[in-house]
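Structure record follows, encoded as structure tokens.
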Amino acid sequence: MGNNLTQKILEAHLVEGELIPGKDIAIRVDQTLLQDATGTMAMLEFMAMGVERVKVELAAQYIDHNLLQTDFRNSDDHLFLMTAGEKFGLHVSKAGNGVSHQVHLERFGIPGKVLLGADSHTPTAAGLSLLAIGAGGLDVALAMAGHPFHLRAPRVMGVKLTGALQPWVSAKDVILELLRRHTVKGGVGKVIEYYGPGVETLSATDRATIGNMGAELGATSSLFPSDHRTREFLESQGRGDSWLPLSADPDATYDDYDEIDLSALEPLIACPSSPDNVVPVREVAGLQVDQVLVGSSVNSSFRDLMTVCRILDGRRIAPHLSFNVNPGSRQVLENVAAQGGVMMLLMAGAQIHQPGCLGCIGMGQAPGTNQVSLRTFPRNFPGRSGTRDDKVYLCSPETAAAAGLFGVITDPRKLGELLPWPEVKNPARYLVDDSSIISPLEESGEVEIVTGPNIVPLPEFDPLPESLELRVVIRVGDNITTDHIMPAGNKILPLRSNIPAISRFVFEQLDPGFPDRAVVTKNGMVVGGENYGQGSSREHAALAPRYLGIRAKLAKSFARIHKANLINFGILPLTFKNPADYDLLEQGAVLRIDSLRTLVAGGERELPCSVNGRQMTVLLELTQRERRELLAGGTLNFVKQGGE
Ligand code: MIC
């Protein structure tokens with residue numbers, strides 16, 4: 001029986017454990033990715049480890065999130081990251097050079113490598129056949145310091161692609177179809193591996209689109225074979241020598257199967273306010289649109305932007321509508337400009353922004369009250385745009401452009417009445433300019449790290465106590481996102497390196513009284529439903545609640561990265577043995593666990609406890625290593641005490 005590609009890459013990187021789904025394994029990391037919003041904290045964590053230089057083949061630091069300089073803070077943080085990057089041997093991509101995911105594809109990705117990134121959309125690198133995994137900043141800092149990455153061996157879901165996409169249908173529709181079928185928790189614990197004859201009809205950046213939003217399925221990663229399309233992209237970047245062919249064995253098997261006939265797909269759209277709320281575009285056609293945003297984290301490649309340019313060429317954006325373009329990188333913008341695309345956008349009435357994440361993380365571009373916003377972004381969680389009760393739809397660049405012209409949601413196939421399908425070919429050789437990437441210095445001993453007042457030292461956390469009396473500070477429902485727990489946006493993102501300040505915003509949208517109540521409670525607990533903590537990799541969604549005194553989260557199930565972040569910062573990630581107990585644990589209820597350290601150290605899965613005096617059982621499903629981290633009060637304490 002042959003191996004699938006995920007197994008092959010994991011096997012080649014395995015340093016501990018066996019590749020049996022669900023079992024703890026550790027893998028060697030070749031490349032790391034930090035962006036500025038998660039990177040300041042990750043860099044502080046790396047510095048706390050006392051390592052002189054990064055120990056991976058390639059470490060990249062991108063400045064792409066905190067691009068609005070409304071005061072000194074973001075600028076100070078960027079200087080901190082640039083000087084720390086020089087000191088420790090990272091490549092630093094400066095503000096304005098583009099979104100980490102797109103730039104990493106262009107300049108650094110190498111097929112078959114393992115990439116660990118402090119951003120849940122790191123699997124965009126699936127476009128170049130990297131096994132790319134999103135993780136909390138501390139896990140990435142550990143990898144930079146030479147530690148392996150620990151995870152549960154994933155199940156591998158093989159998705160067979162057949163046929164070819166029809167005109168006006170594109171890669172975004174493929175991943176929206178998977179979200180429609182499998183929901184935002186359907187990929188938890190899995191790598192989604194694509195195979196079959198339809199794969200070669202997709203370019204590297206099409207594959208990147210699909211990999212990016214695999215994060216919305218909750219998947220550990222997504223993977224494509226490395227073939228002639230991969231080579232074509234690397235050659236167009238002047239990096240053809242990085243190519244190598246990679247694929248599953250012909251007789252490979254998978255743990256789960258699915259199949260998509262690309263020819264049968266139609267344009268799809270995710271309705272407010274979840275990426276899996278997917279319907280055919282025609283079902284919501286006619287709804288007035290106020291704002292369109294193309295680009296950012298996903299669908300910001302040359303092909304995507306140039307497709308929009310060609311559709312808008314010689315036409316005008318509907319008068320009431322604001323149409324915005326956020327290029328994925330400076331390189332994309334330069335190449336679009338070289339082919340006349342910038343003029344097409346300007347003459348059509350579009351606004352062109354600097355390359356970067358921008359509205360995708362709520363850094364500007366918020367829609368107005370009751371406005372409908374169509375975005376090619378990966379996420380439309382409630383309020384993430386910066387506007388409460390927002391109405392954000394996620395769609396392909398083709399659907400976005402159609403709405404731009406008609407002013408209402410429109411099936412892009414209707415564009416066929418105006419113009420022939422503009423099949424955009426990627427340049428055989430992109431214009432490449434790396435002057436906005438600062439390469440590591442050979443000798444960095446003299447470099448001084450500049451730390452502005454916005455960089456506040458990491459809080460210290462105490463070890464797990466022998467017993468805990470935990471009061472429920474908030475009880476929430478299913479699919480709570482990290483945007484609910486620790487919102488982003490222009491006001492809060494600049495506080496990512498200042499835990500005391502950012503903790504004031506925990507659960508801001510759902511319950512602004514949460515931080516004060518948590519502090520008064522001292523040993524607090526959060527109760528949640530299914531898939532608690534889905535979405536971003538931001539470790540602040542664990543770190544800030546921990547700072548406020550939250551010691552446990554009890555949920556029906558957890559999203560992968562959030563659970564790892566909870567352990568990293570010494571928060572017990574408990575699940576219900578009997579999900580009906582959820583009803584007993586309303587706000588104010590008290591759960592008591594005795595002999596906690598002994599139970600945790602002894603590897604007990606079932607923890608007996610009492611709620612308001614009544615007996616019940618909660619589950620702690622952790623590996624021995626994770627248990628030791630929790631006992632130490634978190635992973636940083638564990639590592640400082642010599643833990644491996
Ligand atoms: C996101 O989509 O939420 C982001 C921006 O990519 C985040 C990173 C962050 O919170 O800084 C992510 O998913 O990890």
Side-chain angles (χ1 to χ4, degrees), residues 13 15 27-65 76-95 97-101 103-110 112-119 122 125 128 130 132-149 237 239 241-242 432-452 455 458 496-497 537 539 635-636 639-640 644:
H13 288 81
V15 292
I27 54 174
R28 183 170 44 79
V29 173
D30 305 309
Q31 300 191 340
T32 56
L33 176 157
L34 295 178
Q35 36 94 335
D36 51 336
T38 52
T40 47
M41 190 50 64
M43 193 56 84
L44 288 173
E45 289 158 349
F46 176 77
M47 287 161 67
M49 291 170 203
V51 177
E52 279 178 15
R53 218 174 153 84
V54 292
K55 295 189 176 162
V56 282
E57 288 171 16
L58 179 126
Q61 168 71 64
Y62 296 92
I63 299 179
D64 54 3
H65 279 62
D76 278 7
D77 286 0
H78 295 170
L79 189 58
F80 166 68
L81 290 174
M82 283 158 70
T83 49
E86 278 194 316
K87 179 98 189 160
F88 299 122
L90 288 84
H91 293 262
V92 181
S93 169
K94 287 166 62 183
N97 194 48
V99 179
S100 63
H101 314 304
V103 181
H104 206 86
L105 273 183
E106 292 166 354
R107 308 311 303 145
F108 298 122
I110 299 179
K113 298 285 180 189
V114 167
L115 167 69
L116 194 71
D119 190 298
T122 303
L128 281 185
L130 283 87
I133 304 179
L138 180 52
D139 285 320
V140 180
L142 284 164
M144 283 159 49
H147 296 264
F149 177 58
Q237 292 289 333
R239 301 202 293 121
D241 52 356
S242 294
V432 173
D433 171 8
D434 283 336
S435 55
S436 294
I437 301 179
I438 310 170
S439 297
L441 296 176
E442 289 286 318
E443 251 316 308
S444 57
E446 300 293 296
V447 176
E448 269 215 26
I449 300 177
V450 184
T451 311
I455 307 279
L458 281 173
R496 286 277 181 98
S497 49
S537 67
E539 58 192 350
T635 305
L636 211 45
V639 172
K640 280 191 197 155
E644 262 300 328

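None of the values given here were measured: they were computed from a predicted structure. Excluded from the calculations below are hydrogen atoms, water molecules and symmetry mates; all remaining heavy atoms, backbone and side chain alike, are included.
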Could you tell me which non-hydrogen atom of [X] sits nearest to which non-hydrogen atom of [Y], and how far apart they are?
X: Leu34; Y: Ala118; result: CD2-CB, 3.8 Å
X: Gly137; Y: Ala42; result: O-CB, 3.6 Å
X: Ala48; Y: Leu636; result: CB-CD2, 4.4 Å
X: Ala125; Y: Ala132; result: CB-CB, 3.8 Å
X: Leu116; Y: Thr122; result: C-CG2, 4.4 Å
X: Phe80; Y: Thr40; result: CE2-O, 3.9 Å

For a 4.5 angstrom cut-off between non-hydrogen side-chain atoms, does [X] reach [Y]?
X: Leu90; Y: Val54; result: yes
X: Lys87; Y: Leu441; result: no
X: Thr451; Y: Leu79; result: no
X: Val103; Y: Asn97; result: yes

Go through the steps to decide whether Thr635 and Val639 satisfy the test side chain to side chain contact (heavy atoms under 4.5 Å, CB included), and finish with yes or no. CA-CA 6 Å; Thr635 305; Val639 172; 4.1 Å; yes
Name all residues meeting the side-chain contact (heavy atoms from CB on, under 4.5 Å) criterion together with [X]; count only those two or more places apart in sequence or in a different chain, and write none if there are none.
X: Asp30; result: His13, Arg28, Glu57, Lys113, Val114
X: Ser100; result: Leu33, Tyr62, Asp64
X: Val51; result: Phe46, Met49, Lys55, Ala145

Step by step, work out the side chain to side chain contact (heavy atoms under 4.5 Å, CB included) result for His91 and Gln61. CA-CA 6 Å; His91 293 262; Gln61 168 71 64; over 6 Å; no
Roughly how far, to the nearest 0.5 Å, is [atom2] of [Y] from [atom1] of [X]?
X: Thr38; Y: Glu539; atom1: OG1; atom2: CD; value: 7.5 Å
X: Ser497; Y: Asp77; atom1: OG; atom2: CG; value: 4.0 Å
X: His101; Y: Leu115; atom1: NE2; atom2: CG; value: 10.0 Å
X: Leu81; Y: Phe88; atom1: CG; atom2: CZ; value: 11.5 Å
X: Arg239; Y: Leu105; atom1: CZ; atom2: CG; value: 8.5 Å
X: Met47; Y: Met43; atom1: CE; atom2: CE; value: 8.0 Å

Might you work through the side chain to side chain contact (heavy atoms under 4.5 Å, CB included) test for Ile63 and Lys94, ending with a clear yes or no? CA-CA 5 Å; Ile63 299 179; Lys94 287 166 62 183; 5.7 Å; no
Do [X] side-chain atoms and [Y] backbone N/O form a donor-acceptor pair below 3.5 Å?
X: Gln31; Y: Phe108; result: yes
X: Glu45; Y: Leu138; result: yes
X: Ser537; Y: Asp119; result: yes
X: Gln35; Y: Ala37; result: yes

As a test of understanding, state which of Val92, Val450, Ile449 forms a side-chain contact (heavy atoms from CB on, under 4.5 Å) with Met82. Val92
Trace of the side-chain hydrogen bond (donor to acceptor under 3.5 Å, both in side chains) decision for Ser444 with Arg53: CA-CA 9 Å; Ser444 57; Arg53 218 174 153 84; 3.3 Å; yes
Worked check of side chain to side chain contact (heavy atoms under 4.5 Å, CB included) between His104 and Leu58: CA-CA 11 Å; His104 206 86; Leu58 179 126; 3.8 Å; yes
